[in-house]
Structure formats: C-alpha cells, structure tokens
Number of protein chains: 2
Amino acid sequence: MTVKRDPAQDDCSIQRTLDVIGDRWTLLILRDVFRGVRRFSQIQSDLGIAKNLLTDRLAALVASGVVEKVPYQDRPVRHEYRLTDKGRALSPALVALMRWGDEWCGDGDAPTELVHTPCDTRLELQPWCVVCNEPVAPTSISSRPGPGRHLDQETAHAAT
Amino acid sequence: MTVKRDPAQDDCSIQRTLDVIGDRWTLLILRDVFRGVRRFSQIQSDLGIAKNLLTDRLAALVASGVVEKVPYQDRPVRHEYRLTDKGRALSPALVALMRWGDEWCGDGDAPTELVHTPCDTRLELQPWCVVCNEPVAPTSISSRPGPGRHLDQETAHAAT
DNA sequence: GGGGTTGGTTGCGAATCGCAACCGACCCCT
DNA sequence: AGGGGTCGGTTGCGATTCGCAACCAACCCC
C-alpha cells in the first residue's frame with residue numbers, strides 16, 4: 001500500500017493521506033460506512049470486493065484509526081465498523097469528490113444529492129474563506145511552508 | 001483501472017470519480033500539476049514514479065479530459081500538461097484531502113499550508129451552506145436520490 | 001560527429017488482485 | 001444430537017499490474 005517515495009515527499013500531506021486512503025477500494029468502503037453500511041458482509045456484497053481484500057482494507061483502516069470495530073450484539077458476537085473522529089473528518093473530502101463526479105463524470109444529473117438537513121437545500125462544497133466571507137477560487141489559493149519543516153518554495157496552487 | 005462493479009454502483013458519483021482519479025499515483029500527479037510541476041521529467045523525478053506508469057496515467061488523464069497536453073516551446077517541440085476546467089474543479093477535493101492529512105496524519109504541524117491570497121489567511125475547508133450561511137457538520141448532511149435515476153433509500157450521511 | 005536532454009517504449013521478475021473453495025464459531029430447528 | 005444457515009473470515013492459485021532497468025528516437029548545441 002505504501003508507495004516508495006522520495007524522502008522530500010514525506011512532507012506532503014496529500015502523500016500521507018493517500019498512504020491511508022489512496023487505494024482503489026478504501027474510499028468506497030468509507031463511503032459505505034458513511035452511508036450506514038457498516039457490516040462486513042453488507043460492504044462485501046454492496047461493493048463486490050473480494051473478501052480477503054476487504055479484510056485487509058478494514059484491518060488497515062482500523063490500524064490507522066479511521067474506523068473502529070465495535071460489537072453491535074452478543075450471542076453471537078457480531079461486529080460493525082464505525083467511523084472514528086478521524087474518519088468523520090474525511091467527510092469534506094468525500095463530499096468534494098462526490099460533487100466533482102456529479103458535475104464532471106456523469107450525464108450531468110446527480111444520482112444522489114447531498115442535503116443540508118436543517119434547511120433542506122442541496123449542498124455545494126467550495127473552499128470558503130471565513131475571514132473574507134466568500135468562496136475561494138482555485139486561482140486565489142497559494143501555498144507556503146507551514147510549521148512542519150523543510151525548504152519549500154512559495155508556489156502558486158493553481159496558476160492556469 | 002476500472003473496477004468491475006455491481007451495476008447498481010454505476011450510479012455512485014464517488015465510484016465514477018475514483019474510476020478517473022482513484023489510482024495510487026493519479027492524485028499525486030495532479031497535485032504536482034496544481035503546484036506548477038507540469039513537465040514529464042519534472043513530475044517523474046519529483047514523484048519517483050516509473051516512466052511507463054507516468055506515461056499511462058498522463059494519457060488516461062488526457063483521455064478523460066482532466067489535463068491537456070500543450071506545447072510550451074518549438075524547436076524542439078516540448079509539451080507540458082495543464083489542467084482543464086474539469087481538472088481545476090478538483091481543487092476542493094485536493095484541498096480537503098490535504099487538510100485532512102495535515103490534521104490527522106502528520107505530527108500536527110502542516111508541512112505546507114494553503115493561503116487565501118487576497119487576505120493572506122490560512123485556508124480551512126468545510127462544507128458551507130450558502131443558504132444558512134454556516135458550516136455544515138457531517139451529522140447534518142443527509143442524502144436523497146437526485147435527478148439521475150434509480151431507487152435509493154434516504155439515508156443519513158454520517159450518523160455515528 | 002559526440003554528448004546531452006526530453007519524453008518516451010519494451011521486457012521481465014515481483015507484488016498485488018480477484019475468484020473460488022474451505023473453515024470455524026455460533027445460531028436455530030427438528 | 002444432528003442438519004442447515006449466517007457471518008466473518010483464511011487459504012491457494014492464476015491473472016493483472018507494478019517497478020525497475022535498459023534501450024530509443026528526436027532534437028539541440030558544440
């Protein structure tokens with residue numbers, strides 16, 4: 001699962017993220033868990049993933065603290081996989097990926113839309129600057145070295 | 001690249017998204033392109049990816065319209081890979097994944113932080129409801145079948 | 001002509017995947 | 001007690017994909 005990489009790349013959060021969830025199945029598994037599909041056999045039949053792979057992926061997710069395995073009944077003991085706080089924090093990323101698929105990969109119509117429950121409006125996801133109180137266009141994002149280490153260049157995030 | 005899947009899953013935008021970018025290298029390549037690393041050899045040495053794989057991935061990205069190959073000089077003709085609108089639209093997703101890695105996968109300190117250029121503040125990414133004008137917690141997101149087809153259930157997106 | 005750079009292609013061994021078969025713990029039913 | 005079913009796996013094996021190294025072709029400059 002881990003990609004052999006240039007040591008300089010250890011500093012990239014996207015790299016670190018993909019080490020955890022950057023596998024062909026893992027995000028789909030997490031999508032299921034978000035949707036309430038939490039049991040081994042449910043996920044397996046929903047995704048059509050091979051059981052050995054599902055075993056591996058779930059174990060890796062538990063090991064990295066994204067989901068936890070909790071019993072939901074005794075006699076017989078059965079477990080389900082639940083999101084931890086770390087896992088729940090992936091929600092924005094999943095929403096963003098889903099919205100992108102809606103808009104750019106489908107026939108234009110969203111097969112499922114996300115709704116902000118309190119006001120019942122369809123949810124868009126956009127970077128939002130709380131200071132300026134406005135949406136953030138890719139072209140007005142730049143990056144700079146953060147508190148974590150190293151000599152990086154200041155680079156535009158999305159110049160053309 | 002394409003996962004064999006239950007026909008019912010064709011309707012999932014996350015599935016469709018992952019068919020395009022859900023590979024171990026593709027998002028890293030796109031991260032580089034966002035950062036301004038756009039030439040074959042630059043990407044190759046930056047990521048340490050094998051050249052044949054990079055060739056494949058770039059061709060796939062061009063085929064799916066996420067990046068385009070444009071000449072940046074004649075004599076000799078050299079090309080670079082640039083984001084299309086479709087590719088630029090992935091920005092929120094990349095930002096979300098990066099922020100998650102910052103917060104949950106590192107030593108706590110972001111190696112690189114994203115900045116909203118106009119106001120020079122660090123960028124957070126959160127689903128934001130434009131109607132309520134407030135951030136959206138995972139627990140107040142639900143999903144419903146959209147205009148695109150099929151019989152889905154109304155399910156909570158992130159009930160614990 | 002020689003050497004360098006860019007952007008590839010080809011071939012091959014090694015790792016990973018997908019599928020099918022099997023398993024063991026536990027339940028219920030007769 | 002025995003038979004059958006479900007859940008959550010494990011094991012083994014052929015097929016696919018990956019990673020690496022070697023080679024290559026076009027073009028530049030000296």
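Letters A, B, ... are given to chains in the order of the sequence lines, protein chains preceding strands, and every chain is numbered from 1. It should be emphasised that the depicted structure is a prediction, and the values quoted were computed from it without experimental measurement.
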Asks: What's the closest nucleotide to the side chain of A:Thr55 if the choices are C:dG8, D:dG9, D:dG19?
Replies: D:dG9
Asks: Scan A:Ser41 against the nucleic acid and name what it touches under 4.0 Å (heavy atoms): base, sugar-phosphate only, or nothing.
Replies: sugar-phosphate
Asks: Closest-nucleotide mapping onto DNA chain D: is A:Tyr81 or B:Ile49 further toward the 5' terminus? I mean the 5' end.
Replies: A:Tyr81
Asks: Write down the distance between CD (A:Gln73) and C1' (D:dG8), rounded to a whole number of angstrom.
Replies: 13 Å
Asks: Could you go through the side chain to side chain contact (heavy atoms under 4.5 Å, CB included) check for B:Arg38 and B:Val70 one step at a time?
Replies: CA-CA 10 Å; B:Arg38 302 199 174 89; B:Val70 297; over 6 Å; no
Asks: Roughly how far, to the nearest 0.5 Å, is CD of B:Glu80 from OH of B:Tyr72?
Replies: 7.0 Å
Asks: Taking atom C1' of D:dC20 as reference, at what distance in whole Å does atom CD of B:Gln44 sit?
Replies: 11 Å
Asks: So, OP1 or OP2 of C:dC17: does either fall under 4.0 Å of a side-chain N or O from B:Arg24?
Replies: no
Asks: Using atom names, set out every protein N or O paired with an N or O of nucleotides 26-30 of chain D below 3.5 Å, distance rounded to 0.1 Å.
Replies:
| unit_1 | atom_1 | unit_2 | atom_2 | d |
| --- | --- | --- | --- | --- |
| D:dC28 | OP1 | B:Arg75 | NE | 3.4 |

Asks: What do the steps show when you test A:Leu30 against A:Leu83 for side chain to side chain contact (heavy atoms under 4.5 Å, CB included), and what is the final call?
Replies: CA-CA 8 Å; A:Leu30 288 173; A:Leu83 294 167; 4.1 Å; yes
Asks: To the side chain of A:Ala50, which of C:dG18, D:dC18, C:dT9 is closest?
Replies: C:dG18
Asks: Determine the sole option in B:Thr17, B:Asp85, B:Val66, B:Leu90 for which the side chain to side chain contact (heavy atoms under 4.5 Å, CB included) test with A:Trp104 is passed.
Replies: B:Asp85
Asks: B:Leu53 side chain: which of D:dG8, D:dG19, C:dG7 is closest?
Replies: D:dG19
Asks: Charged N to carboxylate O under 4.0 angstrom, A:Arg16 versus A:Asp19?
Replies: no
Asks: Would you indicate which nucleotide in C:dG11, C:dC17, D:dG8 comes nearest to any side-chain atom of B:Asn52?
Replies: C:dG11
